[in-house]
Amino acid sequence: MCKGFRGRLLTGECFADYTTFKTGGKIPLYAEPVDEEDLKLILEFFRQYKIPSFILGGGSNIVPEDENLDFAVISTRCLGGIEVRSECADKYADCGDSAKNKHDDEDAETLLLTCGSGTPIEKMTEFCVENGLSGLESFAGLPGTAGGAAYMNARCYGFSVSDVLVSVRYAHCSPEGVSFAVYTKKDEDWDYKKSPFQNTADVIVSVVFKVRKGDGAEIKSKSESFVEDRRNKGHFRYPSAGSVFKNNREFGKPSGQIIQDAGLRGLSHGGAQVAPWHGNIIVNTGNATSSDIKKLSDAVASEVKNKFGFELENEILFVSSGIIR
């Protein structure tokens, strides 16, 4: 179908098998490129035939429609790999030895961690623990992938991906074709759970994070404490996507507390339920559909608006269409 493509190209895959909510309908065409060259091939193929597509990372923050999906899915799960290198070596690559030595002390502990977009966050944080790298501890236990975390500007325990992001390599899709480029972070492009990639057809290929050498035991302890906190909050009890709504500082309270104050914990629709233990988590109790989740989310937002006048904003993405790249 796509000449030269070496990855998996399947029809009729069930979206529910690729999301943490365990919901979603049949995917007409599912592509799993094995590397950048493969990614370029499939993007070019879809562009040529005007096939809309959706980029799938870890499926941890999405709710696809239950039926009548009319777009292809490109999974980044094989675009993995982790490597670490010295920031000093990068910054002074074109300088003489004396210039490099001058900055050795100030940059000796600063390192650049490059992760393929499909690298699970779990593997990324485990790598940091094993190698004594500090900076990403608060993301320990977070589902999803490095690319997805950058796309959403994931935020955990008061710490955002943009706080440690250095650059992003991406595939740029235009009417002329597909090319690769590197984006270097600009602070003005980022905000609370927002990134510049949310408004483009570009595809994240890899992400570079800034980390530092640290005490291995301390890094491990911090990482484990965040995993345990997520476990205690019930993030892993049932299929879910974690927080459903963004927190708005203007409300004065986290969204979960506002939903609890509205008396909505435990509210259900079909197989979807607002977690009895946390107002900002909707769970699949066993037979939920994406429609159940959407209707319950809408009901919660409507009730909060009626009681308190607050407009809750969804953090999870309800996927109903792809993008023609």
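These values consider heavy atoms only, across backbone and side chains, with no hydrogens, waters or symmetry-generated copies. This chain uses plain numbering: 1 for the first residue, then up along the sequence.
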Any donor-acceptor pair under 3.5 Å linking the side chain of [X] with the backbone of [Y]?
X      : Y      : answer
Gln273 : Asn284 : no
Ser60  : Thr20  : no
Asp191 : Lys194 : no
Tyr18  : Gly24  : no
Lys307 : Ala262 : yes
Thr285 : Gly271 : yes

Salt bridge (charged side-chain N to carboxylate O under 4.0 Å, His left out) between Asp17 and Lys22, worked out: CA-CA 6 Å; Asp17 293 337; Lys22 303 302 179 186; over 6 Å; no
Donor-acceptor side-chain pairing of Arg212 and Thr110 below 3.5 angstrom: yes
Donor-acceptor side-chain pairing of Asn280 and Ser255 below 3.5 angstrom: no
Parallel, tilted or perpendicular: ring planes of Tyr49 versus Phe45, cut at 30 and 60 degrees: tilted
So that I can tick it off, tell me whether [Y] and [X] are bridged by a salt bridge, with the cut-off set at under 4.0 angstrom between side-chain N and carboxylate O.
X      : Y      : answer
Asp261 : Lys253 : yes
Lys123 : Glu126 : no
Arg231 : Glu228 : yes
Lys294 : Asp292 : no
Lys222 : Glu137 : no
Lys185 : Asp189 : no
Glu13  : Lys26  : no

Would you compute the distance between atom [atom1] of [X] and atom [atom2] of [Y] and round it to the nearest 0.5 angstrom?
X      : Y      : atom1 : atom2 : result
Ile27  : Phe15  : CD1   : CZ    : 4.5 Å
Leu112 : Leu133 : CG    : CG    : 11.0 Å
Ser53  : Arg47  : OG    : CZ    : 12.0 Å
Ile293 : Asp298 : CD1   : CG    : 12.0 Å
Phe54  : Leu317 : CZ    : CG    : 6.5 Å
Asp70  : Ser321 : CG    : OG    : 7.0 Å

Cationic tip of Arg230 above Tyr157 ring, under 6.0 Å, 45° of axis: no
Name of the residue among Lys246, Lys193, Arg155 meeting salt bridge (Lys or Arg N to Asp or Glu O under 4.0 Å) with Glu315: Lys193
Ring centroid separation Phe197 to Tyr183 under 6.0 Å: yes
side-chain hydrogen bond (donor to acceptor under 3.5 Å, both in side chains) evaluation trace for Ser297 with Asn314: CA-CA 8 Å; Ser297 169; Asn314 278 115; 3.0 Å; yes
